[in-house]
Amino acid sequence: MDRIIIRGGNRLSGRVPISGAKNAALTLLPCALLTDEALTLRNLPRLADVDGFGHLLNGLGVSTAVEGARGNDFGRVMTLRAEQLASTVAPYDIVRKMRASILVLGPIVARAGEATVSLPGGCAIGNRPIDLHLKALEALGAEIELAAGYVRAKAPRGGLVGGRIVFPVVSVGATENALMAAALAKGETVIENAAREPEIADLCRCLVAMGAEIDGIGTERLTIQGKDRLHGADYRVMPDRIEAGSYACAAAITGGSLDLIGARTEDMTAILAGLTDAGISVTPHAEGILIAANGRPTALTLSTAPFPAFPTDMQAQFMAMLTLADGASVLTETIFENRYMHVPELARMGADIQVRGRTAVVRGVDALIGAEVMATDLRASMSLIVAALAAEGETQVHRVYHLDRGYERLEEKLSAVGADIERASEG
C-alpha cells in the first residue's frame with residue numbers, strides 16, 4: 001500500500017491538463033453491452049475504477065483493446081466489443097469493489113433478456129440504495145428478484161417495453177440505468193425527474209452516436225424511442241469537472257494560479273460561482289479556465305444538491321480550502337449522510353471544524369500544520385491533498401488507493417506546477 005508525502009507551502013502555478021471524467025467514463029463503458037459492434041472511447045482516464053470496470057466487462061464477454069496516450073495527452077483510447085455476451089452474471093468479487101458496477105444491469109437485461117448482478121460496493125459515504133434502479137426496470141416490464149446478495153432482472157418474452165418512469169427523488173445512477181435499458185426497449189419511454197448532471201448528457205450523446213433517439217437531453221424529462229439494435233460509435237469522454245474543481249481549490253489555498261486546460265464552464269457553474277464568492281479569480285478562455293488567488297479565500301455558505309446546484313463531490317475539497325479562509329464558513333451536506341469523515345483528519349492538521357448533523361462550521365485558521373492523516377474515501381482523500389499543499393511542514397497521506405480511483409497521475413500533475421509531492425511505499 002502506498003502513501004503520498006507532501007511538503008507544503010509552495011505556491012502552485014502553471015497549466016494542468018484535465019483528464020476525462022471518471023463519472024462519465026464509468027457510465028459510458030457499459031454502453032458497449034448494448035451492441036455487437038465496436039465502441040471506441042477516447043480521453044478515457046487511467047484510473048483503478050476504469051480498469052476494474054474493464055475487467056468486469058471482460059468477464060461478461062466484452063473484448064477490450066487499449067491504446068496509450070499520444071503526445072502530451074493523459075487519457076487512453078479503449079475499443080470495446082461485445083459481439084456475444086459470454087455471461088449475464090456480474091459476480092460479487094468485482095462488483096463489491098465499485099458501486100458503478102450496477103450500471104451493467106440495465107444494458108444486460110435489455111440485450112440478453114435477463115441479468116444477475118451482485119449488490120454493489122464503493123466508498124463508505126452513506127446509504128445509496130438501488131431501489132430506484134429496480135423500479136425503473138420494473139416500469140419497462142422487468143421482473144425483479146433479490147436473493148443471496150444478488151439482483152436478478154428478467155425481461156418479458158419479447159424484451160423490455162417502453163414505459164413511464166417517475167423518480168420520486170433525483171438519482172444519477174438510476175437515470176443512467178434507465179436510459180441504457182430504454183434505448184433497446186420496444187416503444188417510447190419517458191423518464192420524469194431525471195438527473196441533469198453533465199455526465200447524464202454525455203451518456204445521452206454517446207447513445208445517440210450509437211443510433212439511439214433521445215429528446216430532452218440536459219433537462220429533467222427525457223424521452224427515448226427504443227430501437228431494435230444499436231451500432232458502434234467513436235466517442236470522446238467529457239472532461240472531469242470534479243478534477244478541475246479540485247485543482248481550482250489547490251490553486252486557491254496556495255495563493256496560486258492554475259490554468260485548467262480542457263475544463264468547461266458549462267459543466268462547473270456552481271463550482272465556479274463558489275470560487276468567485278470566495279474571492280478567487282475565474283477567467284474562462286478558449287482552452288479552459290484560469291484560476292488565480294490573491295490572499296486568503298473569503299468565507300462561504302454552501303449547500304450540496306443535485307446539478308445544477310453545488311456538487312457533493314466538491315464538498316470536501318472546498319472544506320479544505322476554507323480551513324484557511326477569512327471568517328467562518330457553513331457547509332451543509334444534503335446528498336450523503338456520512339460524508340464528513342475527512343473532518344477528523346483535517347483537524348489533525350489544525351483545522352477548526354465543528355459538525356452538527358449534516359452541517360459543518362469551518363472557522364478559518366492562520367495556518368495548517370503537516371501531519372500523518374488517513375484517507376477514508378475518494379473525495380476526502382483529495383481534500384487532504386489540498387490541505388497538505390498549503391500546510392507548514394510535511395504531511396503523509398495514507399491509504400491513497402482511494403485517490404487512484406479518481407485522479408489520473410496526481411503527483412505528476414501537481415509536481416509540474418510546483419508542488420513538493422512524492423509517492424512512497426508503506427513498507
Side-chain angles (χ1 to χ4, degrees), residues 1-10 22 47-49 52 96-99 121-128 242-243 245-247 249-250 253-254 304 312-324 329 331 333 335-358 360-363 365 367-415 419-427:
M1 192 178 296
D2 291 347
R3 68 188 189 277
I4 287 179
I5 302 169
I6 298 175
R7 286 164 283 274
N10 292 357
K22 164 190 176 281
L47 299 172
D49 273 11
R96 68 181 175 86
K97 302 174 184 177
M98 184 172 48
R99 180 165 187 81
C123 284
I125 57 174
N127 266 336
R128 293 189 279 183
I242 305 302
E243 183 194 35
S246 300
Y247 285 116
C249 290
I253 199 171
T254 63
T304 64
T312 181
D313 277 356
M314 281 302 306
Q315 175 258 111
Q317 300 91 306
F318 261 68
M319 180 182 286
M321 176 187 76
L322 294 169
T323 60
L324 293 181
S329 300
L331 305 181
E333 174 59 57
I335 307 297
F336 297 120
E337 71 278 4
N338 195 24
R339 203 156 201 180
Y340 287 138
M341 291 189 290
H342 49 284
V343 170
E345 302 305 303
L346 289 173
R348 290 172 58 82
M349 302 174 70
D352 183 352
I353 306 170
Q354 292 184 328
V355 176
R356 300 165 185 161
R358 291 197 174 212
V361 178
V362 185
R363 293 180 174 84
V365 297
L368 297 174
I369 307 299
E372 290 200 49
V373 292
M374 185 174 294
T376 54
D377 62 71
L378 172 55
R379 306 308 174 185
S381 304
M382 192 62 193
S383 77
L384 301 179
I385 297 293
V386 169
L389 290 168
E392 298 175 359
E394 181 179 284
T395 298
Q396 295 192 27
V397 183
H398 298 270
R399 294 176 63 184
V400 297
Y401 59 85
H402 290 291
L403 280 167
D404 296 334
R405 293 182 47 233
Y407 291 90
E408 181 178 23
R409 292 155 72 173
L410 176 75
E411 308 96 274
E412 181 179 339
K413 291 187 180 184
L414 285 173
S415 293
D420 186 348
I421 181 173
E422 63 179 310
R423 180 179 292 245
S425 170
E426 292 283 12

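- Side chain of Tyr247 to backbone of Lys413: no donor-acceptor contact under 3.5 angstrom is found.
- With sequence neighbours left out, Arg7 forms a side-chain contact (heavy atoms from CB on, under 4.5 Å) with Ile5, Glu394, Asp420, Glu422.
- In this structure Glu345 satisfies the salt bridge (Lys or Arg N to Asp or Glu O under 4.0 Å) test with no other residue, sequence neighbours excluded.
- Val343 approaches Met319 most closely through the heavy-atom pair CG2-SD, 3.7 Å.
- Residues passing the side-chain contact (heavy atoms from CB on, under 4.5 Å) test with Ser381 are Ala375, His402, Leu403, sequence neighbours excluded.
- In this structure, CG on Asp377 lies 8.0 Å from OG on Ser383, to the nearest 0.5 angstrom.
- Here the closest non-hydrogen pair linking Ala387 and Leu346 is CB-CD2, 3.7 Å.
- Tyr407 pairs by the side-chain hydrogen bond (donor to acceptor under 3.5 Å, both in side chains) definition with Ser246, Gln317, Arg379, not counting sequence neighbours.
- Atom CG in Leu378 sits 5.5 Å away from atom NZ in Lys22 (nearest 0.5 Å).
- Between the side chain of Thr323 and the main chain of Ala320, a donor-acceptor pair closer than 3.5 Å is present.
- Within the model, atoms CG of Leu389 and CD1 of Ile6 stand 4.5 Å from one another, a figure rounded to the nearest 0.5 Å.
- Smallest separation of non-hydrogen atoms from His342 and Leu384: O-CD2, 4.5 Å.
- Rounded to the nearest 0.5 angstrom, Ile335 CD1 and Asp313 CG are separated by 9.5 Å.
- The shortest non-hydrogen separation linking Val365 to Gly350 is CG1-O, 3.6 Å.
- Counting heavy atoms from C-beta on, the side chains of Leu331 and Leu322 come closer than 4.5 Å.
- Scanning for side-chain contact (heavy atoms from CB on, under 4.5 Å) contacts around Ala391 gives Met349, Leu368, Thr395, with sequence neighbours left out.
- The backbone N or O of Thr376 sits nowhere less than 3.5 Å from a side-chain atom of Arg399 that would complete a donor-acceptor pair.
- The minimum heavy-atom distance between Met321 and Val386, with the atom names listed, is N-CG1, 4.3 Å.
- Taking both residues in full, the closest heavy atoms of Arg358 and Tyr340 are given as O-OH, 2.8 Å, listed atom of the first, atom of the second, then distance.
- Under the salt bridge (Lys or Arg N to Asp or Glu O under 4.0 Å) criterion, Arg423 pairs with Asp2, Asp404, Glu411, sequence neighbours left out.
- Taking CD from Glu372 and CD from Gln396, the interatomic distance works out to 4.5 Å, rounded to the nearest 0.5 Å.
- Using a 4.5 Å heavy-atom threshold, the side chains of Glu243 and Met382 count as separate.
- Taken from CD1 in Ile4 to CD1 in Ile385, the straight-line distance is 4.5 Å, to the nearest 0.5 Å.
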